[in-house]
Amino acid sequence: MTMDDPCAFFREQTILLTGGTGVLGGCLLYKLTMKLDTRKIYAVVRVSTEAAISQWKKTMPEHIEDMLATKKIELVLGDMTKHGFGIEEAILREMAGSVSVIIHAAANINWLSTMPLKETTSNNCLPVLRLAEVAATFEKLAKFVFISTTYANSFLPDGIVEEKTYAVGDAEQHLTQILSEGKVSEGADGGFAAPYTFAKHLAEQGTPAFPSSSRGSCPASDYIERYMSAPDSGIVHVSPHCPDGTNVYDEIPVDMAANLTLLHIMHGTVGIVQAGAESYVKRTMAHFHQDIIGHFPRQDGARGPEFHYVTDKSIKQGRYAEFGKIWARDWHFSNAASKGFRSVKGPLSIALGDHDAAEKYMKERARRISEEVVRRRASKNLTHSSISVA
C-alpha cells in the first residue's frame, strides 16, 4: 500500500461514523462504502435503524440500496446524551478491538442568536467529549476527527484566520459555568456569531478538529429560501474593506469537504484543518445575492428583492441579513494544510474542473429552491380554494 492509493488505505480501516444521516455525514458514508472499499463502517444512528434508512432514501435515493448491499455498514443505535454514547456494551467491546478511525460529524446546527447557550452546548460540546472518553478504550484507534465549523473562531476580527486553536479564556471553566448557570460571565463569550459557534469553539479546545464551511443543515439554502418566500428590506451590513459585497462567501460543495476530510485522515494530519472556500470556490456575497435575484419566483407580479450594502451599522439591516450576518464578514480562512492535495486525482480529487462549474452548481441550487417555493405557494392556494363554508 502507498499513500497514493486511497482504496488500499481505507480497505484496511474500520470506521466509527456519527452524523451519517446529515448531508456531510451521508456523503462520507457514500464515499467510504462505494468509492473506497472501506473494510467496515459502524454508523451510529438515533431513534431507529428504520428511521435512518428512511432518511437516506430521501437524501440519496439512487445510492442507499447499493450502499447497504455492500454489507460494510453496520447500523448502531446510540444516544449522544448518554454515557458511552448509549451504545450496547457488547457492541462497544467489539468496536474497542477493531475501530481504527473515528469521524464525529454529528451536530445540532442552529445559527439563531436566540438559541439557549446551555442547550446548544449540551448538543454540540458534550457529545464529542463523551465520544473521546469512549475512544480512550479503543485499542486500535489511530485517528479521531471532529467536524467543527470555520465560524468557531467568529470572535476574531476580519482578516486572516490561521489553522490553529484560538483560545478565549478557560474552556473548562466556561463549560462548567454554562452547564450550571446556563451562561458565562458577561463578555466571556468573546462576541461569537451565535451560541452554536461558541459551543463548537469550546469543543475544539479538547479535541482534534476539522473546521468546515460546508454545513449539514445548509444555512445558505435556508437564507435563499427566506428571501424567495418573503423578501425583506435587502439592507445588508458589510465590512468597510468590502463595501460592494466583494468579501468571499465561505461555502464549498459537500463533496469537496468530504474528500478533504478523507485525504487528511489518510495522510495522518494532526491539528486544525480548515476547509474554507477561498482557495477552492472563490465566490463573493454579491455573487450569492445575484443568484437570488436571478431566480426569484415572480409569479403573480411578485417583486424581487433588492440588496443594499451599507457600512454604517446604525442603519438597521434586514431580518434575513441578521440571520446570515456571518457571511458579511471579511475573514480569510487559511487552507495551507490542504495545498498539497490540489493535484490529487481519483475518488478523492478536490478539483472542481473550472470556475464555471462552481457557478453552475450554485445557480442550480437557487433554481431548485425557487421551484420549490412556487410549488408550495401553489399547493397552499389550492388548499385554500378547496375549503367550502356550509
Side-chain angles (χ1 to χ4, degrees), residues 1-22 24-45 52 56 60 63-76 78 85 87-88 90-106 128 131-147 207-210 212 254-273 275 337-338 340-351:
M1 182 197 76
T2 70
M3 295 309 287
D4 295 325
D5 186 352
C7 290
F9 174 82
F10 282 97
R11 197 174 292 128
E12 297 179 0
Q13 309 305 316
T14 297
I15 294 179
L16 169 59
L17 172 68
T18 71
T21 55
L24 178 55
C27 187
L28 287 166
L29 187 62
Y30 167 75
K31 289 177 178 294
L32 289 168
T33 53
M34 305 302 293
K35 299 295 184 181
L36 299 174
D37 195 27
T38 307
R39 177 191 294 163
K40 184 172 185 176
I41 306 101
Y42 290 99
V44 179
V45 299
W56 284 320
M60 40 186 177
H63 304 297
I64 187 56
E65 294 296 341
D66 290 337
M67 290 164 61
L68 294 174
T70 65
K71 304 296 184 182
K72 293 178 178 296
I73 302 172
E74 180 171 338
L75 300 182
V76 178
F85 247 53
I87 299 172
E88 290 183 10
I91 298 177
L92 275 178
R93 286 195 297 271
E94 182 181 306
M95 289 179 177
S98 62
V99 169
S100 55
V101 177
I102 292 177
I103 307 175
H104 181 51
V128 68
L131 186 56
E133 291 178 354
V134 172
T137 68
F138 285 13
E139 303 165 4
K140 297 184 178 181
L141 185 66
K143 298 174 179 66
F144 185 115
V145 178
F146 165 46
I147 305 293
T207 56
F210 188 91
S212 165
V254 67
D255 182 71
M256 184 178 290
N259 284 0
L260 281 169
T261 303
L262 297 170
L263 281 168
H264 281 287
I265 289 173
M266 177 180 168
H267 287 268
T269 305
V270 176
I272 301 288
V273 174
S338 304
F341 299 142
R342 292 181 184 175
S343 61
V344 170
K345 301 184 185 302
L348 296 184
S349 170
I350 58 173

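Reckoned from all heavy atoms, side chains included, excluding hydrogens, waters and symmetry mates.
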### Message
Quick one: does any side-chain atom of Arg39 pair with a main-chain N or O of Gln13 as donor and acceptor, under 3.5 Å?
### Response
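Checking the backbone N and O of Gln13 against the side chain of Arg39, no donor-acceptor pair under 3.5 Å is found.
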
### Message
Has Ser100 got a side-chain atom pairing as donor or acceptor with Thr14's backbone, closer than 3.5 angstrom?
### Response
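Present.
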
What distance separates [X] [atom1] from [Y] [atom2], expressed to the nearest 0.5 Å?
X      : Y      : atom1 : atom2 : result
Leu32  : Ile15  : CG    : CD1   : 4.5 Å
Phe146 : Ile103 : CZ    : CD1   : 13.5 Å
Leu262 : Leu36  : CG    : CG    : 6.0 Å
Ile41  : Thr70  : CD1   : OG1   : 6.5 Å
Tyr42  : Leu92  : OH    : CG    : 10.0 Å
Thr38  : Leu17  : OG1   : CG    : 10.5 Å

For a quick test of your reading: what N or O donor-acceptor pairs under 3.5 Å do the side chains of residues 131-143 make, sequence neighbours left out?
residue	atom	partner	partner atom	Å
Thr137	OG1	Val134	O	2.7

Can you name the closest pair of heavy atoms from [X] and [Y] and give their distance?
X      : Y      : value
Thr18  : Ala106 : OG1-N, 3.2 Å
Leu260 : Ala275 : CD1-CB, 3.8 Å
Met256 : Ile350 : CE-O, 3.2 Å
Ala258 : Leu24  : N-CD1, 3.8 Å
Val273 : Thr269 : CG2-CG2, 3.6 Å

### Query
Angle class for the His264/Phe341 ring planes (parallel below 30°, perpendicular above 60°, tilted otherwise)?
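Rings of His264 and Phe341: perpendicular, over 60°.
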
### Query
Can you find a pair of side-chain heavy atoms, one from Trp56 and one from Val45, that are under 4.5 Å apart?
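When only atoms from C-beta onward are counted, Val45 and Trp56 do touch, with a gap below 4.5 Å.
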
### Task
For the residue pair Val101 and Phe10, establish whether any side-chain heavy-atom pair is separated by less than 4.5 Å.
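Val101 does not reach Phe10 side chain to side chain.
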
### Query
So which pairs with a foot in residues 26-36 pass side-chain hydrogen bond (donor to acceptor under 3.5 Å, both in side chains), sequence neighbours left out?
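Listed by first then second residue: Lys31-Asp255, Lys31-Asn259.
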
